[in-house]
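Following: one structure in structure tokens, then a few remarks.
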Amino acid sequence: IYVGSTLVDMYIKCGSLSKAQKVFHELPNRDVVLWTTLIAGYVDHDRGEEALQCVKQMKRDGFSPNAHTLVCSSKACGTLKAIDRGQGIHTEITLKGYEHEIMVGNSLISMYATCGLLETARLLLDRLPFRDVVSWTAMIDGYAEHGYGEEALNCLKGMQHESISSNALTYTCCVKACCSIGTIEKGYELHSAIVERGFESDLPIGSILVSMYVKSGALREAQFVFDKLTIRDYVLWTALIEGYSQVGESENVFSNFDKMLGEGIKPDLASFLIIFNACNHEGLVEKGLAYFEAIRREYGLTPTLEHYTAIIDLLGRSGHLSKAISMIREMPWHPD
RNA sequence: GAGUAGGGAGGUA
């Protein structure tokens, strides 16, 4: 059974949930660890509903969830924004006396914060016997995500006051908080703290800084941050491209998109929306259609209804009405 | 042998 759990875990971490399920079902004996491994796998793959189903089934099979299982369950509720079921998990945690374990406490803070129950999250944070960088970061992210920038940044002070050192994840959430405050001064402050701490080469930090500067229209700063990063991925590129799109510099939208492709980085569906918008802006019907074709042919992605809407909009505005109508007909969905 | 926090998301017709 140890070998089985390890194998299930290995398949999950390689991204092969189906193989993990297969091994799981072929094992003659199951225990809490094995169940929890599979549940964690569902959560990891954003399949919260199946994770919770699995917990139910494990209970029916006579196993009682332990702290590990309950942490996974609360995470599942967080991703599902299912706070009602989340409260049930919380109750179970309290009944079993796990509430003061740091990882359990942190997962509850994160769940409530993600679901927007910020006061509850805060209460749990304050009541934890010991807080760590994860506790604070989860709280900061919750505040930031729901537009409470000031509160988020106060948490940064709070953790410094407790001599808990922040890390790159903490700063990412703080920069996110800055975006909701709307003044760029705090952003500059954080940016220099990030440079001081040596986090500027961190990819998520770079992406959110680019995005922060983009939102305040400071494209030069955004480009500056971008240029400091030697490892780039599609998220970072898209943040920059989005910036040029916002200020109407379509040439830079196209040139940066092509540069990204030139680096061998695969665009994702979101970046094509920005491209179509630029095409629309410039009236570039042929270019738009060429990119639309490329989505499937070159990148093996499936355009969504939004992509069709964007391209149909482009066709319609430029007077290609019959082509627009035939696009509507060829869509796999009912037009909205 | 299993568990907790972070990044980009078009248009608004």
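What you see is a predicted model; the values in this text were computed from it and never measured. So you know, we letter chains A, B, ... as the sequences are listed, proteins then strands, and number each from 1.
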Determine whether any donor atom in the side chain of [X] lies under 3.5 Å from an acceptor atom in the base of [N], or the reverse, and answer yes or no.
X	N	answer
Asp132(A)	A5(B)	no
Thr6(A)	G1(B)	no
Asp313(A)	G10(B)	no
Asp268(A)	G8(B)	yes
Ser207(A)	G7(B)	yes

Name the nucleic acid region contacted by [X], choosing base, sugar-phosphate or nothing; use a 4.0 angstrom heavy-atom cut-off, strictly under.
X	value
Glu101(A)	base
Thr37(A)	sugar-phosphate
Ala113(A)	nothing
Tyr234(A)	base
Leu269(A)	nothing
Thr238(A)	base
Val8(A)	nothing
Ile205(A)	base
Asn106(A)	base

Is there a side-chain contact between [X] and [Y], using heavy atoms and a 4.5 Å cut-off?
X	Y	answer
Val225(A)	Glu200(A)	no
His307(A)	Thr302(A)	no
Lys75(A)	Asp44(A)	yes
Arg220(A)	Phe224(A)	no

Which whole-number value in Å describes the distance from [X] [atom1] to [N] [atom2]?
X	N	atom1	atom2	answer
Tyr11(A)	G1(B)	OH	P	19 Å
Phe130(A)	U4(B)	CZ	P	22 Å
Leu203(A)	G6(B)	CG	C1'	12 Å
Leu240(A)	G7(B)	CG	P	19 Å
Tyr2(A)	G1(B)	OH	C1'	7 Å
Tyr143(A)	A5(B)	OH	P	19 Å
Tyr213(A)	G7(B)	OH	C1'	16 Å
Leu236(A)	G8(B)	CG	C1'	9 Å

Tell me, yes or no, whether the heavy-atom count around Glu286(A) atom CD, taken from other residues, nucleotides or ligands under 6.0 Å, exceeds 12. no

Is the number of heavy atoms from other residues, nucleotides or ligands under 6.0 Å of Glu119(A) CD greater than 12? no

Dot-bracket notation for RNA chain B, counting Watson-Crick and G-U pairs under 3.5 Å, with | for partners on another strand: .............

Consider the side chain of [X], meaning its heavy atoms from C-beta on, and name the nucleotide among [options] that approaches it most closely.
X	options	answer
Glu242(A)	G1(B), U4(B), G8(B)	G8(B)
Ile208(A)	G3(B), G1(B), G7(B)	G7(B)
Ala40(A)	G8(B), G6(B), G3(B)	G3(B)
Ala239(A)	G10(B), G6(B), G8(B)	G8(B)
Ala310(A)	G1(B), U4(B), G10(B)	G10(B)
Lys215(A)	U4(B), A9(B), G1(B)	A9(B)

Between Ser110(A) (side chain) and Asn106(A) (backbone), is there a donor-acceptor pair under 3.5 Å? no

Gln57(A) and Gln53(A): CA distance, side-chain angles, deciding distance, side chain to side chain donor-acceptor pair (under 3.5 Å) verdict: CA-CA 6 Å; Gln57(A) 208 181 321; Gln53(A) 279 304 317; over 6 Å; no

Is the centre of the Tyr291(A) ring less than 6.0 Å from the centre of the Tyr299(A) ring? no

Establish, yes or no, whether a centroid distance under 6.0 Å links the rings of Trp35(A) and Phe24(A). yes

Please verify the inter-ring angle class for Tyr213(A) with Tyr188(A); under 30° counts as parallel, over 60° as perpendicular, anything in between as tilted. tilted

Please verify the inter-ring angle class for Phe276(A) with Phe292(A); under 30° counts as parallel, over 60° as perpendicular, anything in between as tilted. tilted

Before giving the answer on side chain to side chain contact (heavy atoms under 4.5 Å, CB included), spell out for Val133(A) and Ser165(A) the whole-Å C-alpha distance, their side-chain angles and the decisive distance to 0.1 Å. CA-CA 7 Å; Val133(A) 59; Ser165(A) 94; over 6 Å; no

Can you list, in residue-number order, the parts of residues 41-70 of chain A that come under 4.0 Å of RNA chain B, counting heavy atoms only? Asn66(A), Ala67(A), His68(A)

Within residues 26-36 of chain A, those residues having any heavy atom closer than 4.0 Å to RNA chain B are Asp31(A), Val33(A), Leu34(A), Thr36(A)

Verify whether one side chain among Tyr42(A) and Gln21(A) offers a donor that lies under 3.5 Å from an acceptor in the other. yes

Using a cut-off of strictly less than 4.0 Å, decide whether [X] has a side-chain nitrogen or oxygen near OP1 or OP2 of [N].
X	N	result
Lys75(A)	A5(B)	yes
Lys13(A)	G1(B)	no
Lys176(A)	G7(B)	yes

